[in-house]
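Computed from a prediction, not measured in an experiment: that's the story for all the values here. Quick note: numbers below take in every heavy atom, side chains included, and nothing from hydrogens, waters or symmetry partners.
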Amino acid sequence: MTGLPDASVPARPQSLSGAMLFLLAGLAALGSLATNIILPAFPHIGADLGVNERDLALTLSSFFIAFAVGQLFVGPLSDRFGRKGLVLGGIVLFGLGSALCAFAPNLDVMILGRIIQALGACAASVLSRAIARDLFDGDALARALALVMVAMAASPGFSPLIGTALDSLLSWQLIFAGVAAFGAVIAWVYLATIGETLPPSRRIHHSPAAIAGSYLSLARDTRFMLPALAVSFIIGGLYTFFAAAPAILINVLGLTGFQLAIYFAATVGIVFTAGFLAPRLARRWGQPVAALLGAVIALAGGALVLGTSGTPGLIPLTTGFSLFLFGMGIANPVGTAVALHPFGAQAGLASALLGFLQMGSAALGATLVSQLPFAPVVSLAAILTLGALLGVAALLPGARTRAAAPRPA
């Protein structure tokens, strides 16, 4: 096949149990957990490997790039061979990469381990969305993705606190052992609860030419591309904040490493609130309008940070980012549901392209924030504002169409 059908494959009716939510959230959060949990340990890792913290930034950019590119292959492979083998294989690969990082004697081996970690984690992240699309549809899909995205966005908040504790009380090597153990738990829950969600009758045999054609077809389809780009721009801002915030909060505003970890953990409540509100807004006003509302709130947050960046302070920065995070928590799950809904027959492939766009935006934002010739707060504020503005622009056509549609009798 070279194109994408308009009709989606009906999802199997499922209830979102606690075990299923833990599984989908764990799969989605594995990559962000493995990234942010090591940030507090950078000084000790750098000292042991004989490199500075700037050089250790390569462990983040290499992870993002491998994560982004790997998803393009995982998605179509899962549509052809099913989800189970790739989920379990990805978690095994993630564990091997974690072990290599734990025993790395130098930076080059650490970067190799991070690339292997990313290739395993990207399989889990892609397939969390594809599995959700296999099992749910419509409002149920939006609700499932909202709860999953809550956990995915919350993990960058909690993980630095966990990393600080492990690094301070034990050693940075045990951070990698901890994330590998978490992956093993996810694999066990997967086998015990869901298992394969794509039966052979629904699998699609992609040739390389068909895969390229399908990606091109998706890229040309505004039903997918506009909400996918909107979500990616805003998620890129989120990862840019977590990449830039340590230097800003510690070097500019004077927080300690432990206070930084507490600061990140405190953002989790905002994500939970937005995630639980998102499905309700989608049911009331429709998914396209709810996603646009989230993007507008994120834009207001970015603009507030930009407007106060000349004289940065903890309160305006926190207020602005809280608004951004709240808007992201609404726009991300609802926008993801909008993007994936028409393409149930290619859920893996569509999820892969969405993940590529998200992590590509994250890599671009994390690179730009350190390269722009401005103060760190100004660079961060500009990226947050621009990302949210582009998100609003991408979501406007869908929201207008929804608003113009006749109401059901």
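Contact between Ala121 and Gly31 at its shortest, heavy atoms only, is CB-CA, 3.9 Å. When all heavy atoms of Phe374 and Ser379 are compared, the pair lying nearest together is CB-OG, 3.5 Å. Closest of all the heavy-atom pairs between Ala228 and Leu357 is CB-CD1, 4.0 Å. Nearest heavy-atom pair, Ala291 versus Leu395, reported as atom, atom and distance to 0.1 Å: O-CD1, 3.4 Å. When every heavy atom of Ser62 is checked against every heavy atom of Arg114, the shortest pair comes out as OG-CB, 4.3 Å. Between Gly237 and Leu384, the shortest heavy-atom distance links the atoms O-CD2, 3.3 Å.
No side-chain heavy atom of Ile115 sits under 4.5 Å from any side-chain heavy atom of Phe63. Considering only heavy atoms from C-beta on, Leu325 comes within 4.5 Å of Met328 through its side chain. Using a 4.5 Å heavy-atom cutoff, the side chains of Leu27 and Ile91 are in contact. Leu24 places a side-chain heavy atom less than 4.5 Å from the side chain of Ile131. Under the 4.5 Å side-chain criterion, counting only non-hydrogen atoms from C-beta, Ile297 is not in contact with Phe324. Looking at Leu292 and Val289, their side chains never come closer than 4.5 Å, going by heavy atoms from C-beta outward. Between Phe67 and Leu119, every side-chain heavy-atom pair lies at or beyond the 4.5 Å cut-off. Two residues are said to be in side-chain contact when any heavy atoms from C-beta on lie closer than 4.5 Å; Phe233 and Leu389 fail this criterion.
The CG atom of Leu353 sits 6.5 Å away from atom OH of Tyr215, with the distance rounded to the nearest 0.5 Å. With rounding to the nearest 0.5 angstrom, the CD1 atom of Ile234 is 14.5 Å from the OH atom of Tyr239. For the atom pair Lys84 NZ and Leu127 CG, the distance stands at 14.0 Å (nearest 0.5 Å). Here the CG-CG distance, from Leu112 to Leu100, works out to 5.0 Å after rounding to the nearest 0.5 Å. Note: Ser232 OG to Asn332 CG = 9.0 Å, rounded to the nearest 0.5 Å. Distance OG1/Thr240 to CD1/Ile235: 10.5 Å, rounded to 0.5 Å.
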- Query: Given the rule in the side-chain contact (heavy atoms from CB on, under 4.5 Å) test, do Thr59 and Ile45 qualify, once you have shown the distances and angles that lead to the verdict?
  - Reply: CA-CA 11 Å; Thr59 66; Ile45 295 174; over 6 Å; no

- Just do the side-chain contact (heavy atoms from CB on, under 4.5 Å) check on Tyr190 and Val185 with the steps written out, would you? CA-CA 9 Å; Tyr190 174 78; Val185 171; over 6 Å; no

- Message: Could you go through Leu135 and Ile194, starting from their C-alpha distance and side-chain angles, then the distance that decides it, and tell me whether this counts as side-chain contact (heavy atoms from CB on, under 4.5 Å)?
- Response: CA-CA 10 Å; Leu135 299 176; Ile194 297 181; 4.3 Å; yes

- Determine, step by step, whether Phe64 and Thr35 satisfy the side-chain contact (heavy atoms from CB on, under 4.5 Å) criterion, reporting the C-alpha distance in whole Å, the side-chain angles of both residues, the deciding distance to 0.1 Å, and the verdict. CA-CA 9 Å; Phe64 287 148; Thr35 297; 4.2 Å; yes

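Under 3.5 Å, the side chains of Ser98 and Gln117 contain a donor-acceptor pair of N or O atoms.
Judged by distance alone, with hydrogens and angles left aside, the side-chain atoms of Gln71 form no donor-acceptor pair with the main-chain N or O of Cys122 at under 3.5 Å. Without hydrogens or angle criteria, Thr385 side chain to Ala382 main chain gives no donor-acceptor distance under 3.5 Å. Side-chain N or O atoms of Ser309 include one that pairs as donor or acceptor with a backbone N or O of Leu306 at under 3.5 Å.
Taking the six-membered ring for Trp and thresholds of 30 and 60 degrees, Trp172 and Phe176 have ring planes more than 60 degrees apart, a perpendicular arrangement. Using a 30° and 60° split on the angle between ring planes, Phe182 and Phe22 fall in the perpendicular class, above 60°.
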